[in-house]
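Every chain is numbered from 1, with letters handed out A, B, ... down the list of sequences. Below, all heavy atoms of this structure are taken into account, side chains as well, without hydrogens, waters or symmetry copies.
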Number of protein chains: 2
Amino acid sequence: MAAMEPRNPIGEKLRSNGYHLTPQRLMILDIMERSDDHISAEDIHQQVRARYPRQHVSSIYRTLETLKKLGLVTETDLRDGKLRYHLQEKGHHHHLICEKCGQFQQLDGSLLSPLKAAILRKYRFRADLRHLAIFGRCGKCA
Amino acid sequence: MAAMEPRNPIGEKLRSNGYHLTPQRLMILDIMERSDDHISAEDIHQQVRARYPRQHVSSIYRTLETLKKLGLVTETDLRDGKLRYHLQEKGHHHHLICEKCGQFQQLDGSLLSPLKAAILRKYRFRADLRHLAIFGRCGKCA
DNA sequence: CTCCGTGCAAAGGCTTTGCACACTC
DNA sequence: GAGTGTGCAAAGCCTTTGCACGGAG
């Protein structure tokens, strides 16, 4: 396989940390890039397999693990039994999830800034408020 | 087994909703009552089994499910693969969990009130901010 | 008698791990 | 050749479900 030229910051980061940007990883990243929302490992798997059927889920998990470790990907738990992933570089937002109807909408991140500041001030704790999931009842179900 | 007198609000609530306060449930509630922190189903299971070895995990889950439905118990995900439970009547608080060292401390609930209000105002969404888990880096690990 | 609750066993669903081979540096 | 990555299979872990029996109302 021809050498992978690091054309993007993610490839760069991988290489500078001793990891490789393999075709499989490219496909995974590509899919995450295109996805509007957070997707599960299984979602990614299915999409990759459409083009490359031999792709195995375990590689997805392993790649996701690596990307997480490098801070390139964030993990969100929407409480439906599977974790969702999202490219950090695509920016971050938050979710309001209705416990009754299951619908979720995005939350303006600026609402969280005061909280983050308050936590830092009072507890010296650097809250990672990317992709927070807040549960409750939406307007219709309340 | 003699009839269970509903001596407490929880028994009352169960009965008024057509559920029974069985010895098993009493043990589960007793353990949750004593526990300072949030405990997992498996934790409860082990403690119950110390006194009553035939107790099976499935009953714990089923009881917890019932209590959750009645709003008597809250569920928290500390991202370590298992869910934690806590008696609603014991009051609620929040967690700051360090992603590096794993330690967690409690967070003053009053810090969240403004957020809750802002979300309701802007999105008409009733956020359930009981037992929120906030991840990040503690003072030592930052 | 009907519904609820239990223990038990088995299954389920998502995620992780061991292994051998392939590729990169 | 040392380290990294992959497909494959199998295991792991927490949680849920089916079933039959027992007990409460």
Rounding to an integer number of Å, can you tell me how far [X] [atom1] sits from [N] [atom2]?
| X | N | atom1 | atom2 | result |
| --- | --- | --- | --- | --- |
| A:His45 | C:dT16 | NE2 | C1' | 15 Å |
| A:Leu67 | D:dT4 | CG | P | 15 Å |
| B:Asp43 | D:dC13 | CG | P | 15 Å |
| A:Ile60 | D:dC8 | CD1 | P | 13 Å |
| A:Asp80 | C:dG13 | CG | P | 13 Å |
| B:Arg15 | C:dC3 | CZ | P | 19 Å |
| B:His56 | D:dC14 | NE2 | P | 14 Å |
| A:Ile39 | C:dC14 | CD1 | P | 15 Å |

[N] phosphate, OP1 or OP2: any side-chain N/O from [X] under 4.0 angstrom?
| X | N | value |
| --- | --- | --- |
| B:Arg54 | C:dT6 | no |
| A:Ser59 | D:dG7 | yes |
| A:Tyr61 | C:dT17 | no |
| A:Arg62 | D:dG7 | no |
| A:Gln55 | D:dG7 | yes |
| A:Thr22 | D:dT6 | yes |

How would you label the contact of B:Glu65 with the nucleic acid (heavy atoms, under 4.0 Å): base, sugar-phosphate, or nothing?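 Since no nucleic acid heavy atom lies under 4.0 Å of B:Glu65, the category is nothing.
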To the nearest 0.5 Å, tell me how far B:Leu14 CG sits from B:Thr22 OG1. 9.0 Å
Could you give the distance from CZ (A:Arg51) to CE (A:Met27), rounded to the nearest 0.5 Å? 6.0 Å
Regarding the side chain of A:Gln24, the nearest nucleotide among D:dT15, D:dG25, D:dG7 is D:dG7
Any side-chain heavy-atom pair from B:Leu83 and B:Leu64 closer than 4.5 angstrom? no
Do the side chains of B:Asp128 and B:Thr74 get nearer than 4.5 Å, heavy atoms only?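 A side-chain contact is absent here, since even the closest heavy-atom pair is not under 4.5 Å.
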Chi angles and distances behind the side-chain contact (heavy atoms from CB on, under 4.5 Å) call for A:Leu67, A:Tyr85: CA-CA 10 Å; A:Leu67 295 171; A:Tyr85 300 88; over 6 Å; no
B:Leu14 or B:Ser58, whichever maps to the more 5' nucleotide of DNA chain C: B:Leu14
